Number of protein chains: 2
Amino acid sequence: MSKSSCVGRPKSFDVDDVLEKALAVFWAKGYEGTSLTDLTQAMGINKPSLYSTFGNKEELFIKVVDLYEQRPCGFFRAALAETTAKTMVAAMLNGAAQSFTDHSNPQGCMIIQSALTGSDASESVKQALINRRLEHQNDLKKRFEAALQQGDLTTDYSADVLAQYLATIIQGMTIQATNGITAAELQCVADLALSHFPGLERN
Amino acid sequence: MSKSSCVGRPKSFDVDDVLEKALAVFWAKGYEGTSLTDLTQAMGINKPSLYSTFGNKEELFIKVVDLYEQRPCGFFRAALAETTAKTMVAAMLNGAAQSFTDHSNPQGCMIIQSALTGSDASESVKQALINRRLEHQNDLKKRFEAALQQGDLTTDYSADVLAQYLATIIQGMTIQATNGITAAELQCVADLALSHFPGLERN
DNA sequence: AATAAATAGTACCGGTCGGTACAAAATAAA
DNA sequence: TTTATTTTGTACCGACCGGTACTATTTATT
């Protein structure tokens with residue numbers, strides 16, 4: 001299954017390792033704001049190596065987004081797996097507050113901020129990120145549907161609106177993070193949002 | 001007071017008119033995603049005219065942001081002037097929902113999305129937009145402080161947190177708009193946010 | 001009609017963009 | 001040790017980037 005080549009000159013770098021370096025750059029500067037020079041310098045490889053390994057800039061970016069969803073943005077899937085609607089929403093908001101203001105990384109959510117606008121040349125990348133956001137929002141919707149059905153959540157709002165509302169708050173938190181809000185302040189916002197979220201019994 | 005020159009060849013274009021054209025481009029493509037070719041084509045002028053009239057790309061962008069705040073984003077100041085906290089928050093959320101999904105313009109808020117990330121060269125523009133957002137958030141804070149003081153708003157949350165929370169929702173609504181949410185759907189989100197906003201008596 | 005002032009248009013500047021051709025170097029297989 | 005295969009590093013590609021020098025043109029003033 002390993003596609004490691006058994007013949008020829010071996011790679012002088014670890015693929016996963018340099019992907020992580022590329023993630024840091026794309027996350028901080030966005031898709032179009034990142035140049036190939038930025039990438040090759042951060043990754044410690046030269047352009048032909050980058051192209052032979054990852055295809056081109058856009059394909060590299062998509063691979064980086066996959067990595068981002070698995071690791072720094074991992075709180076999302078973990079939160080989805082929470083057993084109750086309340087703990088799910090809480091894990092979403094707390095995870096976002098913590099992840100978006102983690103100073104060991106760029107601030108905010110990469111999927112939201114790295115290609116919000118751009119030239120026509122990056123239209124496909126913009127659309128790819130929109131699709132990711134809509135997929136995640138659909139995950140929320142399905143989770144809310146299940147919660148409504150099993151009586152875990154009591155409200156007249158549809159799962160659709162609840163998902164859009166929660167997504168809105170999380171996406172707004174990313175802007176707050178890029179504005180430089182502190183982790184504590186963003187946690188206060190998350191707490192407020194949780195305690196006023198519809199359908200979850202007050203405590 | 002008019003700085004219209006009384007001697008020499010007259011301008012062949014109206015300054016406010018071409019600023020409007022520049023606004024449409026920057027709004028849709030962002031600061032770095034917009035090239036001078038995009039601008040001169042949309043504005044119908046050539047580069048030397050652009051530079052002699054507006055300085056350079058960055059100065060033109062700032063002038064465009066000023067224009068944006070006065071016109072398409074004018075709901076903000078109008079909402080601030082509302083007499084009660086409840087009508088103020090309602091006007092903010094409704095105005096955002098309507099403005100961000102108005103199909104006669106690009107979707108979303110220009111100040112939020114046109115320079116969220118970018119190369120080092122656009123650092124000053126990024127910071128300028130962050131400052132605008134923080135100024136607007138401070139406007140909200142002062143409005144909430146006044147409402148809390150005059151008993152118009154009853155909650156234990158500080159004006160700071162309330163302002164951050166409302167800003168978060170509005171900023172999230174811009175992402176929803178770029179995702180392609182419909183005006184009706186975004187209005188539902190705004191309605192939900194309003195009816196669950198802390199301190200405003202339920203109706 | 002001559003002059004001065006301001007704009008319009010063309011053509012160009014160095015630098016950087018994403019992407020690649022090509023040859024040297026490093027490995028495994030024969 | 002030769003051969004085949006893969007990666008490396010350098011040097012380069014055309015296109016476009018933001019910005020400008022220079023000239024022609026259009027106006028008001030003298």
Side-chain angles (χ1 to χ4, degrees), chain A residues 2-19 21-22 25-26 29-64 114-115 117-126, chain B residues 2-19 21-22 25-26 29-64 114-115 117-126:
Chain A
S2 155
K3 63 164 69 174
S4 71
S5 50
C6 299
V7 69
R9 182 171 176 171
K11 273 182 160 50
S12 67
F13 57 91
D14 181 72
V15 173
D16 295 330
D17 217 56
V18 298
L19 256 183
K21 304 292 179 61
V25 183
F26 274 131
K29 300 191 171 186
Y31 176 68
E32 284 199 318
T34 299
S35 72
L36 284 180
T37 304
D38 293 331
L39 289 168
T40 53
Q41 283 182 355
M43 299 165 86
I45 66 179
N46 42 36
K47 281 195 271 190
S49 295
L50 191 156
Y51 275 81
S52 72
T53 307
F54 302 105
N56 60 12
K57 187 186 179 185
E58 178 167 347
E59 292 176 46
L60 170 61
F61 179 77
I62 297 299
K63 290 185 175 74
V64 161
S114 55
T117 57
S119 75
D120 297 338
S122 67
E123 191 61 41
S124 58
V125 170
K126 273 193 286 183
Chain B
S2 155
K3 62 163 70 173
S4 71
S5 50
C6 299
V7 68
R9 183 173 178 171
K11 274 183 161 46
S12 66
F13 59 90
D14 180 72
V15 173
D16 295 330
D17 218 55
V18 298
L19 256 184
K21 304 291 179 61
V25 184
F26 274 131
K29 299 189 173 188
Y31 176 69
E32 285 199 317
T34 299
S35 72
L36 285 180
T37 304
D38 293 331
L39 289 168
T40 53
Q41 283 183 354
M43 299 164 86
I45 66 179
N46 42 38
K47 281 194 271 188
S49 296
L50 191 156
Y51 275 82
S52 70
T53 307
F54 302 105
N56 60 12
K57 187 187 179 185
E58 178 167 347
E59 292 177 45
L60 170 61
F61 180 76
I62 297 299
K63 291 185 174 74
V64 162
S114 55
T117 58
S119 75
D120 296 338
S122 68
E123 191 59 40
S124 58
V125 171
K126 273 193 287 183

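Within every chain, numbering begins at 1; the chains are lettered A, B, ... in the order of the sequence lines, protein sequences first and strands thereafter. All of these numbers come straight from a predicted model, not from anything done at the bench.
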Would you check if the side chain of A:Glu32 reaches a backbone N or O of A:Ser119 as a donor-acceptor pair within less than 3.5 Å? yes

Contacts satisfying salt bridge (Lys or Arg N to Asp or Glu O under 4.0 Å) that involve residues 43-58 of chain B (not counting sequence neighbours) are none

Taken to the nearest whole Å, CD/B:Gln41 to P/D:dG18 is 12 Å

Rounding to 0.5 Å, atoms CG (A:Leu60) and OH (A:Tyr31) come to a distance of 9.0 Å

Those residues at least two apart in sequence (or on a different chain) that pass side chain to side chain donor-acceptor pair (under 3.5 Å) with B:Ser49 are B:Asn46

Practice task
Ignoring backbone atoms, test whether B:Asn46 places a side-chain nitrogen or oxygen under 4.0 Å from the OP1 or OP2 oxygen of C:dG9.
Solution key: yes

Under-4.0 Å side-chain N/O to phosphate OP1/OP2 contact, B:Ser49 with C:dA8: yes

Rounded to whole Å, CE of B:Met43 lies from P of C:dG9 at a distance of 14 Å

A:Phe13 atom CZ is separated from D:dG9 atom C1', nearest whole Å, by 13 Å

* **A:Phe13 vs A:Thr53, side chain to side chain contact (heavy atoms under 4.5 Å, CB included): CA-CA, chis, key distance, verdict** => CA-CA 11 Å; A:Phe13 57 91; A:Thr53 307; 3.6 Å; yes

Residues at least two apart in sequence or cross-chain that pass salt bridge (charged side-chain N to carboxylate O under 4.0 Å, His left out) with A:Glu123, listed by chain then number, are A:Lys126

Before you tell me yes or no, could you show the steps for B:Val15 and B:Phe54 under side chain to side chain contact (heavy atoms under 4.5 Å, CB included), namely the whole-Å CA-CA distance, both residues' side-chain angles and the distance that decides it to 0.1 Å? CA-CA 9 Å; B:Val15 173; B:Phe54 302 105; 3.8 Å; yes

Whole-Å distance, B:Phe54 CZ to D:dG19 P, equals 14 Å

Its contact letters, B for base, S for sugar-phosphate only and - for none at protein heavy atoms under 4.0 Å, make nucleotides 17-25 of chain C read SBBBB---B

In whole angstroms, the gap separating P of D:dG18 from CG of B:Leu50 amounts to 11 Å

Open item on the list: Need one value for A:Ser12: base, sugar-phosphate or nothing, where a base atom within 4.0 Å counts as base even if backbone is also close, heavy atoms only.
Closed with: sugar-phosphate

Atom CD1 of B:Ile45 and atom P of C:dT7 are separated, to the nearest Å, by 12 Å

Sequence neighbours excluded, the answer for salt bridge (charged side-chain N to carboxylate O under 4.0 Å, His left out) partners of A:Lys29 is A:Asp38, B:Asp120

Determine, step by step, whether A:Leu19 and A:Asp14 satisfy the side chain to side chain contact (heavy atoms under 4.5 Å, CB included) criterion, reporting the C-alpha distance in whole Å, the side-chain angles of both residues, the deciding distance to 0.1 Å, and the verdict. CA-CA 9 Å; A:Leu19 256 183; A:Asp14 181 72; over 6 Å; no

So which protein nitrogen or oxygen atoms get under 3.5 Å of nucleotides 2-4 of chain D's nitrogens or oxygens?
none

